[in-house]
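Read through the structure below, which is laid out as structure tokens, and then see the notes.
When reading the values below, keep in mind they use all heavy atoms of this one structure, side chains included, and skip hydrogens, waters and symmetry mates.
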Amino acid sequence: MEALFSLNPQQAEAVQASEGPLLILAGAGSGKTRVITVRIAHLIKEKGVAPHNILAVTFTNKAAGEMRDRVRELLKDEQLNSFPLISTFHSLCVRILRQDIEALNEGYKKTFTIYDTDDSQRVVKACIKDLGFDEKQVIPRVVRNAISSAKNRGEDVELFASKVEHTDEKRAAAAKVFRMYEERLRIANALDFDDLLIKTVRLLRKSAEVREKYNNRYKYILVDEYQDTNPLQLALITFLTEKQQNICVVGDDAQSIYGFRQADIRNILEFEQHFPNAKVILLEQNYRSTQTILDTADAIIANNINQKKKKLWTSNDGGERVLYYQAQDADGEGRFVAAKIEEHLRRNPSQRVAVLYRTNAQSRVFEEQLRRMRIDYNIVGGFSFYERQEVKDIVAYLKLALNPQDDIALLRVINTPTRGIGKTTLDELQSKSAALGVSLWETVALIGEPMNGVTANITTRARDAVLSFKKVIEKLQKKVAEVAETDKKVSDVVIAAIDDSGYSLMLRSENSDEAEARLENLEELVNAAVDYDRMADATIRDFIDHAALTADTDSLDSSARVTLMTVHSAKGLEFPIVFLVGLEDGIFPHSRSINDPKELEEERRLAYVAITRAEKLLYITHSMRRRVYGEEIAAEPSQFLNEMPLELIDDLSYGSSWLSFARSSTTRGSKYAVSALKGERAAAAPSKPKNLYTGKTYNTADAVAEFFKKKNIEPQPGGLDSDRNASVNERASDELTPAPPRSSPSGFDKLRAIASEKPKSEDQGPKPTFVAGAHVRHEKYGKGLVLRREGSGDNVKLTISFPGFGQKKMIEKFANLQKA
DNA sequence: AAGTAAATTTTTTTT
DNA sequence: AAATTTACTT
């Protein structure tokens, strides 16, 4: 096979050792992805293995996607009727469970929902509340983490409970919450991220039949980043390879950085015990980086005690020295990085550059400075598309249609947009559900029936509201069914969810920039669904699973040469130029890890990963001051700086720096030197430039009223947009008002027409009542038109459209309205 | 019920 | 500083 010729002897051996357990210890940049992909191609082309008998598992979607692309490229000339399954652990488990979870006999159905971290924390919070614990004492986030950790260690509730039985109160409380949490998830037919693995392992353990099925299907299994597997993942692999033992794992103990997810470095160190007769191949030649970069990485990792000593070598040049910069504050660090990137891009417009940081929160200053310089960039991680409120809301409608037992989805959307279902009603529904041990949806279903006791504490009005919500979901369920039966598309159902729920109408009538941005995000969601339409046998189910399991949008702007991400997300990637920023104690290493030797070693491995991403040039920067929780504090240079070979570093800082002190001092970079430096710089430091633009707009009625007061003019229809177009009102109302909603265009048009009508002259009257169509005056919003009147007596609720402010709902009694 | 103001909390890292 | 949660007002 021609691809083999491009491999070194060890790599070629790793490709050709196709049968039996194989451990490939692959140092950074040693071409491990190349080995895995060529190995897959080799199995198919030379060994005649059917592609669908091959399974490759990765940790991230990005890694899986990249591997798929490269395998596809290697196989492009073959006539194949299947393709290897290249997937993350979690998607693999979803695939198995969607088929066979019912064999587990734990009450779960194939229609199960996946709860993300946020969803599962909501459940934990509700359990804490319902068990009568104080949220301040038993903190939801902490308990959720404890549950997740236990699950990833392979512990179930019973084991967890027995372990904490005689320890402190809080842990005993956590055990109770854990128990209720599991029960709630079962009732909701929902699995959290960890359950996906747990249930799959349990299923394989329990059913010899299912085990046989998947052993026969996946005859050759490859696992990437094996050093990051946890006990649960090891169990999964063990069961899946029970029969054939064709397991190939690739990893590097120096790059183990997922200890917080219970990854156990022993998995890779003890591979030969877990899989007897395993072959071990070492890949030690680095093709990626310069000698300087490797030496820097090696020098840092050498400070770890629990580390297999090994030396990567390269035939690459020594290369450029590492470039160092000390900034006065975080903005200065951002300016330096942006300026250097600009310089590199000017010299070579297609230069790929990465900015790597320890925490997502650090990204902001770099974004700001890059934007200021008009440099395009991609940002990986952080706030994901599918985590946005409006996207989660619409996805929740779909999830509910697919699995009505999903309480979290139901709670999310039952009053979004507002339907008049408030706290009182929900509390009643929830306590009733808890008493019956059923999901909220089942309680909702009882509401329509007379004499069931459910409606006792619910007003007729609220009951009607709940029933209308029920109708919305049932309608959506019909549409979902049509995707399977007719040629209806996934995107049609997504659009239906946005329109029929009243969501689009809600956003459109809000008339604010924020609502506009949300609508655009929903449009993006529809676009994502349209992508799904193109696939053969695409289902809503797959679409929703994808939304649950994919962290980032993978809609990377390929024209941008600059990528911003955390060190964790950078693993497995490489860039000609890398900026490693924020090298300060408390940031990197992180303050949460600084006092635990084991965690500090993991931070060091993280630094190792970061440095070895660089091919040609590495920049390292740190700042003397940094904001933490809004407070500006002095920052100490990272202890990792001390561990680098200073002679390989060039100092680009202005004047003296930590580095220049470290060089002149015998006790290099001692605290004394650092503090002395700070004292000296304090006086000479240039004053921080004032940030004139706060970057925040307040879309409140008060802000608008204030604006018009200053301008001494009346607000015009067209909402906040008329701010900027006060002198061209036609444009403001014609071009800047969003198009009418797809669901009810005529209705919306009518609404707009009414809203723009000239109100009549005003007239005072004490405590008047208003019917739909009446013109009113509100002290804050000015003139408006009553669109709807609901309820009676003290509970009369009016929906009023105020030109320039959009629709508002208010209680007549409190609204203090005048006749206009 | 819903909007607003005030108080409180938040930062690891990812599926 | 920004985001989220709570308490209060209409």
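- OP1 or OP2 of B/dT14 has at least one side-chain nitrogen or oxygen of A/T566 nearer than 4.0 Å.
- Where A/I139 and A/D194 each meet DNA chain B at their nearest nucleotide, the meeting point lying more 5' is that of A/I139.
- The ring of A/H622 has its center no closer than 6.0 angstrom to the ring center of A/F588.
- Taking atom NE2 of A/H546 as the reference point, atom P of B/dT15 lies 12 Å away to the nearest angstrom.
- Using a 4.0 Å heavy-atom cutoff across all strands shown, A/Q262 reaches no nucleic acid atom at all.
- A/R626 comes within 4.0 angstrom of nothing in the nucleic acid, heavy atoms only.
- Residue A/D116 is classed as having no contact, given no heavy-atom separation below 4.0 Å to the nucleic acid.
- A salt bridge (Lys or Arg N to Asp or Glu O under 4.0 Å) with A/D116 holds for exactly one of A/R122, A/K392, A/R144; it is A/K392.
- Taking 4.0 angstrom as the limit, A/N360 places a side-chain polar atom (N or O) nearer than this to OP1 or OP2 of B/dT13.
- One interatomic measurement links the two molecules: CZ of A/R625 to P of C/dA1, which rounds to 13 Å at whole-angstrom precision.
- Between the side-chain ring of A/F260 and the base of B/dT13, a stacking contact exists by the 5.5 Å and 30° definition.
- Between A/R364 and C/dA1 there is no side-chain N or O to OP1 or OP2 distance below 4.0 Å.
- Residue A/T60 places its side chain closer to B/dT15 than to any other of B/dT15, B/dT11, B/dT12.
- Side-chain N/O atoms of A/T418 include none lying less than 4.0 angstrom from OP1 or OP2 on B/dA1.
- The nearest whole Å value for the distance from the CD atom in A/Q121 to the C1' atom in B/dT14 is 15 Å.
- One atom, CZ of A/R141, and another, P of B/dT10, lie 5 Å apart when rounded to the nearest Å.
- The side chain of A/N152 places no N or O atom within less than 4.0 Å of a non-bridging phosphate oxygen (OP1 or OP2) of B/dT15.
- A donor-acceptor pair shorter than 3.5 Å can be found between the side chains of A/E603 and A/S593.
- If A/N415 and A/K136 are placed on DNA chain B by their nearest nucleotide, the residue sitting closer to the 5' end is A/N415.
- Here the shortest heavy-atom pairing between A/A56 and A/M67 reads CB-SD, 4.0 Å.
- Residue side chain A/H590 meets the stacking definition with respect to B/dT12: its ring centre sits within less than 5.5 angstrom of the base's six-membered ring centre, and the planes differ by less than 30 degrees.
- Of the candidate nucleotides B/dT13, B/dT15, B/dT12, B/dT12 has the atom lying nearest to any side-chain atom of A/S593.
- Of all nucleotides listed (C/dA1, B/dT12, C/dT6), C/dA1 comes nearest to the side chain of A/Y629.
- Across all strands, A/S91 comes closer than 4.0 Å to no nucleic acid atom at all (heavy-atom distances).
- In this entry the distance linking CG of A/L191 with P of B/dT15 reads 19 Å, nearest Å.
- At a threshold of 4.0 angstrom between heavy atoms, the contacts of A/Y258 are confined to the sugar-phosphate backbone, with no base atom among them.
- Rounding to whole angstrom units, CZ of residue A/R419 and C1' of B/dA2 are separated by 16 Å.
- In terms of phosphate contacts, A/R627 brings a side-chain nitrogen or oxygen within less than 4.0 Å of OP1 or OP2 of C/dA1.
- Every side-chain contact (heavy atoms from CB on, under 4.5 Å) that A/R68 has, sequence neighbours left out, goes to A/A64, A/R72, A/F83, A/I86.
- A straight line from CG of A/D192 to P of B/dT14 spans 18 Å, rounded to a whole angstrom.
- The base of B/dT14 sits with one of its N or O atoms less than 3.5 Å from a complementary donor or acceptor on the side chain of A/R261.
- C/dA1 atom P lies 18 Å from atom CD of A/Q362, rounded to whole Å.
- Distance check on atom C1': B/dT13 versus C/dT4 gives 22 Å, rounded to whole Å.
- In this structure a side-chain-to-backbone donor-acceptor pair under 3.5 Å is present from A/R613 to A/L573.
- Residues A/Y386 and A/L549 form no side-chain contact, since every pair of their non-hydrogen atoms from C-beta on lies 4.5 Å or further apart.
- Of the P atoms belonging to B/dT11 and C/dT6, the separation is 15 Å, rounded to the nearest Å.
- A/R592 contributes no side-chain N or O that forms a donor-acceptor pair with the base of B/dT11 under 3.5 Å.
- At the heavy-atom level, A/S569 lies under 4.0 Å from the strands shown only through sugar-phosphate atoms.
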